[in-house]
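This is the structure, below, for whatever I ask next.
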Amino acid sequence: MERNQLHRQVTQMRQSFFDQGFLDDQFIQLEELQDDTNPNFVEEVATLFYRDSGRFLASLEQAMEKSPLDFVKLDNYMQQFKGSCSSIGAKRVRNECNQFKEYCRAGNSDGCMRTFQQLKREYATLKRKLESYFQLVRQVGPREMATRRR
């Protein structure tokens with residue numbers, strides 16, 4: 001593929017993340033921290049997020065299997081996970097975290113279960129999209145990703 005075409009594809013893909021509500025301005029702030037001395041900063045942060053967040057999801061999964069549900073514990077786990085999501089700008093996933101926390105406060109087991117399943121779908125979708133994006137960025141070159149505005 002021609003370099004200019006790849007560059008357009010990167011730009012369009014990135015913009016779609018914002019247009020579709022997958023990412024928020026925190027992602028832009030991460031991009032602004034990326035420079036020539038650390039040209040893969042955003043990808044490294046996203047990789048760390050997915051590695052670390054897997055542990056949060058595993059803890060949540062285990063806590064969701066208990067009966068009755070410990071809503072205080074679930075809420076605490078979700079608060080930690082939500083913080084991680086916020087750090088990379090994972091807007092849709094963070095929104096599901098908020099919904100889950102509301103169901104915890106209401107003591108709604110069914111709501112927690114449904115929302116947790118939706119959260120895992122949003123999480124997996126964003127992971128796939130970001131992996132594709134970073135793969136394309138590597139083809140174009142890391143400088144193409146640095147400090148792009150919406």
How far does CG of D75 sit from CG of L69, to the nearest 0.5 angstrom?
12.5 Å

Those residues at least two apart in sequence (or on a different chain) that pass side-chain hydrogen bond (donor to acceptor under 3.5 Å, both in side chains) with S67 are none

Set out, in order, the CA-CA distance, both residues' side-chain angles and the distance that settles side-chain hydrogen bond (donor to acceptor under 3.5 Å, both in side chains) for Q15 and D19, then state yes or no.
CA-CA 6 Å; Q15 185 60 45; D19 294 345; 2.8 Å; yes

For R128, enumerate each residue passing the side chain to side chain contact (heavy atoms under 4.5 Å, CB included) test, keeping only those at least two apart in sequence or located in another chain.
A124, T125

Joint cluster assignment, F71 & M113, ILVMFWY side-chain distance < 4.5 Å
yes

Side-chain heavy-atom pair E122, L126 within 4.5 angstrom cut-off
no

Any donor and acceptor pair, going by atom type alone, linking the side chain of D70 with main-chain N or O of K73 inside 3.5 Å?
yes

Indicate yes or no for a side-chain donor-acceptor contact from Q34 to the backbone of V42 under 3.5 Å, with no hydrogens or angles considered.
yes

Ring pair (Phe, Tyr, Trp, His ring centres under 6.0 Å) partners of residues 45-70, not counting sequence neighbours, each pair once
Y50-Y123

Holding to side chain to side chain contact (heavy atoms under 4.5 Å, CB included), I want the full list of residues that pass it with Q20, two or more places apart in sequence or in another chain.
S16, F22, R92, K129

With sequence neighbours excluded, residues passing side-chain hydrogen bond (donor to acceptor under 3.5 Å, both in side chains) with R121
Q118

Distance-minimising heavy-atom pair for T37 and P39
C-CD, 3.6 Å

Residues F41, D35; criterion side-chain contact (heavy atoms from CB on, under 4.5 Å); working and verdict:
CA-CA 8 Å; F41 178 74; D35 59 21; over 6 Å; no

Carboxylate-amine/guanidinium contact E31 R14, below 4.0 Å
yes

Cluster overlap Y103 with F116, hydrophobic side-chain contacts below 4.5 Å
no

For the atom pair CD (E102) and SG (C112), what is the distance rounded to the nearest 0.5 Å?
10.5 Å

Sorted by chain and number, sequence neighbours left out, side-chain hydrogen bond (donor to acceptor under 3.5 Å, both in side chains) with Q79 holds for K101

How many angstroms lie between CD in Q135 and CE in M13, if you round to the nearest 0.5 Å?
9.0 Å

In this structure, OG1 of T47 is separated from NZ of K127 (nearest 0.5 Å) by 9.0 Å

Is there a donor-acceptor contact under 3.5 Å from the side chain of D25 to the main chain of I28?
no

Name all residues meeting the side chain to side chain contact (heavy atoms under 4.5 Å, CB included) criterion together with N76; count only those two or more places apart in sequence or in a different chain, and write none if there are none.
V72

Throw together a table of side-chain donor-acceptor distances under 3.5 angstrom for residues 58-66, partners on residues two or more places apart or in other chains.
unit_1, atom_1, unit_2, atom_2, d
S59, OG, R55, O, 3.2
E61, OE1, K120, NZ, 3.1
E61, OE2, K120, NZ, 3.3

So E43 and L130, do their side chains get closer than 4.5 Å, heavy atoms only?
no

Using residues 82-89 as the side-chain source, report each donor-acceptor pair under 3.5 Å to any protein atom, sequence neighbours left out, with the distance given to one decimal.
unit_1, atom_1, unit_2, atom_2, d
K82, NZ, N98, OD1, 2.8
S86, OG, K82, O, 3.1
S87, OG, S84, O, 2.6

Roughly how far apart are M78 CE and E96 CD, rounded to 0.5 Å?
9.0 Å

Step-by-step side-chain contact (heavy atoms from CB on, under 4.5 Å) determination, H7 to T11
CA-CA 6 Å; H7 177 70; T11 302; 3.9 Å; yes

Atom CZ in R94, atom CG in D24: separation rounded to 0.5 Å?
4.5 Å

Step by step, work out the side-chain contact (heavy atoms from CB on, under 4.5 Å) result for V93 and F81.
CA-CA 10 Å; V93 180; F81 183 68; 3.7 Å; yes

What about F100 and Y77, same hydrophobic cluster or not, with Ile/Leu/Val/Met/Phe/Trp/Tyr joined at side-chain heavy-atom distances under 4.5 Å?
yes

Taking the side chain as everything from C-beta on, heavy atoms only, tell me whether L33 gets closer than 4.5 Å to N38.
no

Is there a side-chain contact between Y133 and F17 (heavy atoms, below 4.5 Å)?
yes

Go through R114 and D110 one step at a time and tell me if the side-chain contact (heavy atoms from CB on, under 4.5 Å) criterion holds.
CA-CA 6 Å; R114 280 192 315 274; D110 291 338; 3.6 Å; yes

Validation row: L119, L57 side chains within 4.5 angstrom (heavy atoms)
yes

